[in-house]
Amino acid sequence: MTIKERFKDLLWVFLHEYKQLLSNHGVLLIFFGGVIGYGLFYNYMYGPNTLQKVHIAVVDNSKNELSREYIRMLNATEKVDVVTTAFTFEEAKEALERGKVHGVVLIPNDFETNIARNIPSDIQVFCSMNSFLYYVEIAEAATFCSLALGTEINLKHSTVSTAQIAPIQVMGMPLYNQDDGYGNFLIPIVMVLVLHQTLILGIGMMAGTECEKNRYHLLVPISNKPHGLLRIVFGKALCYISLYFVLCIFIFGLVPKLFHLPYLTTFPDILIFIVPFLLATTFFGMSMSVLFKTYESPLLIFVFSTIPLLFLSGASFPIQNMPLFWKAMHYVFPAPIASFGYIRLSSMGASINQIGEEMTVLWIQAIVYMIIAIFAYHYNIRRSEHIEKELETINNQN
Amino acid sequence: MEKNNTGMLNALKSVFLREWGRMTSRRIYFGVCVVIPMFILVFMLTIFGNGKIEQLPVGAVDMDNSSTSRNISRNVSAVPTINLQHFADAATAQDELLKGKIYGYFVIPPNFESDVLGMRSPTISYYYHFVFISVGNILMADLTTIFKTIAAAPILQKGEAMGISPDLIMFKLMPVQTHIEKIGNPWLNYELYLSTVFVFVLLQIQILLITVYTIGIELKKRTAHAWLKAANKNVFIAVTGKLLPYTIIFVAEALFFNVVLFVFCNNPLSCSIWQLHGLAVLFVLATQAFGLFIISLLPLLRISISMASLLGSLGATLAGLTFPVEGMPKFIHVMSYLFPIRQFTVIFQTNALWGLGFSYCWQSYALLVAALIPPLFLMFQLKREMIYYNFQEK
């Protein structure tokens, strides 16, 4: 076959795959509905971004100017909302247990007297741990107000605060995601995961549909125009890659702008990131797809993996603290490594060089999974040829 | 009357055995119902290591290299959550930060020691970020604490030398102190916080999928007549008999999860394990009812199984474990009431972490029981589909 003929053949596989795809409504639903739907829906769900106005109760056993000032300060922070200055600690505890408030601040009755006697005064805070965010917001608000009140007290007693005469000054600064937004943290990771999962599921479902349609439940239909192994693999891959490239532009380019997500990167860098991610994911999906004999099996087997892959990314729980086996798995699948890199790209303004390790891993994955996909399809074609021969023998015998 | 009962029991038995035969004839049932849940348990139990976030890489840029600055680095390094790495300058540290190798860094300026001695009040700057929220918050708290202590040390020393009592100095430094008590999880243990609920989040995905699948595949392959026949044409018996093997398997697994989590792994439990077992049974039933509702509403496997995937995955968010549902838009908050996994989470936290009784979460129990009712209304639609195959593709 000439080069031109081979190329035409590749094109045939490519177009054939597109035709199959566009007539498979279930897969279209996953691809477009999943990506666009989840893309928009997740941004809607985490729209509020930060947890604000957490309900707390304050038990003021001191009831003087100072404690009222503290309560005023608490209310002034956006983080907490003092729902009640309950009469007793028992009532506040009950409200906490009933879930009406998520924290209780207890100001002791000797609060002001201690301050007057130059003894540090303690404020006790009880936090619900039902969500770590409750603890984070309440603890931050209480600590911040304690410090602020402390500064005020010092200024009242003398015109010079200790800070001004301190031999060592310290200054802490949050660098990225300064408002501690949960949406800012989670959405970039979820976006990468949604693309990864829908692509793999879709490829698997396409393979499953093809198997179901074919009498002998084989991936590559026999008795068709003979196509070379590489042409089949690359023709199909090109179909998925080309379609998903558009979806990637939507997720990585348009969605951040629409929802005002942190976007400290440049469009060329995003494109450079997308290429190995798409290649690795597509070939991984194609390698897995040979296992699926029915349309539904990818869903039954893969859907649950979204959450483990999210944990494996190392964004919520650091990779350093994971056991060695899971640390290794972080590098095996495209999603964890890609999301770990992408979040630095978009939320921290890292350059492509600075996510170099992730890019290298993704390229290696792309090549490895490409090889595996080729072998998997090779095995499938051989099996179909073997079965065709057997059928011929049986036919001839009859 | 007695004949009817025996007839019903026999029909139930025959549907049960028919389903058992179907389940054991294909590997995928074993994969979905047994292999994956066991994998889920192993994953959630091991992913968080010892459950604590510690030894986070933090950069130290010491541009002074004096005994004072080295002492400061040593003090920071002693914090258990910090694993100090030294860098020559701030630019390198910043680069490492962007590469994801360190999660924060601090800079001790040049001439630090001489500035301190010369009362010129040099500044140590420390940086962290919230891009990784849990790490960011832990680092912020720990870095703030250690640097406050470091800044206070010379003041304390000087004060003591001047004969001022350390209590008075502590008072001047921090007149108001906050003591935070973390109820239910004082150790900030991730396994106790996340794994205990997420194993069930993942289990409910499998329950939803297989419930939708096992009914939908009969419709798709048009074997529903045989199914209905085995049930003596009673759709309630048909559905109960079909789902019962899965109820048994998933309840057994849920109980196993509880025993492993709270007996073998010694996670603290503030209530009786039998309460958790009861919750697990109710949860499995409610999730199966949810799945039954989906397939009965849309008796087309293709669509229903995609819906089940979507809704099951949403369970991770709507459980409200990470980001509270009260903080989400109102519509989402209301939607969470319809999800069994949300009610499960509320009951679990109330009973197991807080040690509170039934009266504190009876509404959630009621919602779980109520979840069993909606599919009952769709049984006749399902029966029609089992007979006429109206929705199926030709």
Side-chain angles (χ1 to χ4, degrees), chain A residues 26 29 45 48 51 97 115 118-131 135-136 139 142-143 146 149-150 153 162 166-177 180 182 185 296-297 299-300 303-304 306-308 311 315-318 321-323 326 343-344 347-348 350 354, chain B residues 28 32 36 43 46-49 53 98-100 116 121 123-135 137 144 147 151 154-155 168 170-185 190 202 205 209 213 302 305-306 309 313 316 323-324 327-329 332 349 356 360:
Chain A
L29 183 69
M45 278 199 293
L51 189 61
E97 288 168 352
I115 303 281
N118 289 339
I119 299 174
S121 207
D122 283 340
I123 292 187
Q124 272 202 294
V125 180
F126 299 89
C127 277
S128 163
M129 295 299 281
N130 284 351
S131 164
Y135 159 67
V136 163
T143 316
S146 298
L149 191 65
I153 291 170
T162 43
I168 300 176
Q169 303 272 22
V170 289
M171 195 171 75
M173 239 176 52
L175 289 176
Y176 310 105
N177 194 17
D180 204 0
Y182 193 81
F185 147 73
E296 300 85 23
S297 17
L299 288 172
L300 292 169
V303 170
F304 87 96
T306 313
I307 291 161
F311 284 128
S316 51
F317 191 79
N321 293 147
M322 292 183 201
W326 296 121
I343 197 172
R344 299 205 313 278
S347 303
M348 292 169 72
Q354 283 160 332
Chain B
I28 196 154
V32 175
I36 292 178
F43 179 84
T46 52
I47 185 76
F48 296 127
I53 292 185
L98 288 169
K99 284 186 178 155
V116 172
S121 281
T123 307
I124 300 177
S125 311
Y126 60 95
Y127 307 97
Y128 50 91
H129 64 80
F130 291 119
V131 173
F132 305 122
I133 266 203
S134 29
V135 167
N137 276 295
T144 307
F147 280 114
I155 301 176
L168 180 60
M170 277 317 295
F171 173 77
K172 280 275 170 218
L173 286 171
M174 204 146 49
V176 183
Q177 301 188 350
T178 2
H179 292 276
I180 318 259
E181 188 166 316
K182 306 184 269 283
I183 302 179
N185 193 347
Y190 269 72
L202 293 170
I205 291 178
L209 286 172
Y213 181 73
R302 243 158 226 250
I305 202 155
S306 298
S309 312
S313 304
F323 192 89
M328 295 187 190
I332 306 290
Q349 288 178 329
L356 300 168
Y360 284 84

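These numbers come from a predicted model, not from an experiment.
How far NE2 of B:H129 is from CZ of A:R344: 9.0 Å, rounded to the nearest 0.5 Å. Separating the CG atom in A:L29 from the OG atom in B:S306 is a distance of 5.5 Å, to the nearest 0.5 Å. Here the CZ-CE distance, from B:F147 to A:M171, works out to 12.0 Å after rounding to the nearest 0.5 Å. In this structure, the separation between OH on B:Y190 and CZ on A:F317 is 7.5 Å, given to the nearest 0.5 Å. Taken to the nearest 0.5 Å, the CE atom of A:M173 stands 5.5 Å off from the OH atom of B:Y127. Note that OG of B:S134 and OH of A:Y182 are 8.0 Å apart. Values are rounded to the nearest 0.5 Å.
For the options A:D180, A:V303, A:D122, heavy-atom pairs under 4.5 Å to chain B are most numerous at A:D180. Taking chain A as the reference chain and counting heavy-atom pairs below 4.5 Å, the highest number among B:I28, B:I133, B:L202 is found for B:I133. In terms of heavy-atom pairs under 4.5 angstrom with chain A, the leader among B:I53, B:V135, B:V32 is B:I53. With chain B as partner, the option from A:A139, A:P318, A:S347, A:S297 having the largest number of non-hydrogen pairs under 4.5 angstrom is A:P318. Most heavy-atom pairs under 4.5 Å with chain B: of the set A:G150, A:S128, A:A350, A:G172, this distinction falls to A:G172. Of the listed residues (B:P175, B:A316, B:G184), the one with the most heavy-atom contacts under 4.5 Å to chain A is B:P175. Contact count versus chain B (heavy atoms, under 4.5 Å) is highest, among A:N321, A:T306, A:I307, for A:N321. Contact tally against chain A (heavy-atom pairs below 4.5 Å) for B:L98, B:I305, B:N185: the top residue is B:L98. Between chain B and the residues A:T143, A:L175, A:L51, A:L149, the largest count of heavy-atom pairs under 4.5 Å involves A:L175. Interface remark: of the candidates B:L168, B:V116, B:I36, B:I36 forms the most heavy-atom pairs closer than 4.5 Å to chain A. For the set A:V125, A:I119, A:I115, A:L299, the count of heavy-atom pairs under 4.5 angstrom toward chain B peaks at A:V125.
Judged purely by atom type and a 3.5 angstrom limit, B:Q349 uses its side chain to pair as donor or acceptor with the backbone of A:N130. No side-chain donor-acceptor contact under 3.5 Å links B:R302 to the backbone of A:G26.
Between A:I343 and B:F132 there is a side-chain heavy-atom pair separated by less than 4.5 Å. Side-chain atoms of A:M322 and B:I47, non-hydrogen and from C-beta on, do get closer than 4.5 Å to each other. Within the 4.5 Å cutoff, the side chain of A:L300 has heavy atoms near those of the B:Y213 side chain. In this structure, the side chains of A:P48 and B:P329 come closer than 4.5 Å at one or more pairs of heavy atoms. Within the 4.5 Å cutoff, no side-chain heavy atoms of A:P120 are placed close to those of B:V176. Side-chain contact between B:V131 and A:F185 is absent, with no heavy-atom pair separated by less than 4.5 Å.
Contacts between B:T144 and chain A at a heavy-atom distance below 4.5 Å are absent for every atom of the residue. With a threshold of 4.5 angstrom between heavy atoms, A:V170 approaches chain B through its backbone and through its side chain. For chain A, the nearby part of B:I205 is the side chain; its heavy atoms alone come within less than 4.5 Å. Heavy atoms of A:Y135 lying under 4.5 Å from chain B belong exclusively to its side chain.
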request  = In sequence, state the C-alpha distance, the side-chain angles, and the governing distance for B:S121 and A:I168, and then conclude on side chain to side chain contact (heavy atoms under 4.5 Å, CB included).
outcome  = CA-CA 5 Å; B:S121 281; A:I168 300 176; over 6 Å; no
task = Start with the C-alpha gap between A:C127 and B:I183, add the side-chain angles, then the distance that decides, and say whether side chain to side chain contact (heavy atoms under 4.5 Å, CB included) holds.
result = CA-CA 6 Å; A:C127 277; B:I183 302 179; 6.0 Å; no
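Between A:F311 and B:F43, the ring-plane angle classifies as tilted under the 30° and 60° cut-offs.
Qualifying side-chain contact (heavy atoms from CB on, under 4.5 Å) partners for A:S131, counting only residues two or more places apart in sequence or in other chains: A:L133, A:Y134, B:Y193, B:P324. Checked against side chain to side chain donor-acceptor pair (under 3.5 Å), A:S316 has no partners two or more places apart in sequence or in another chain.
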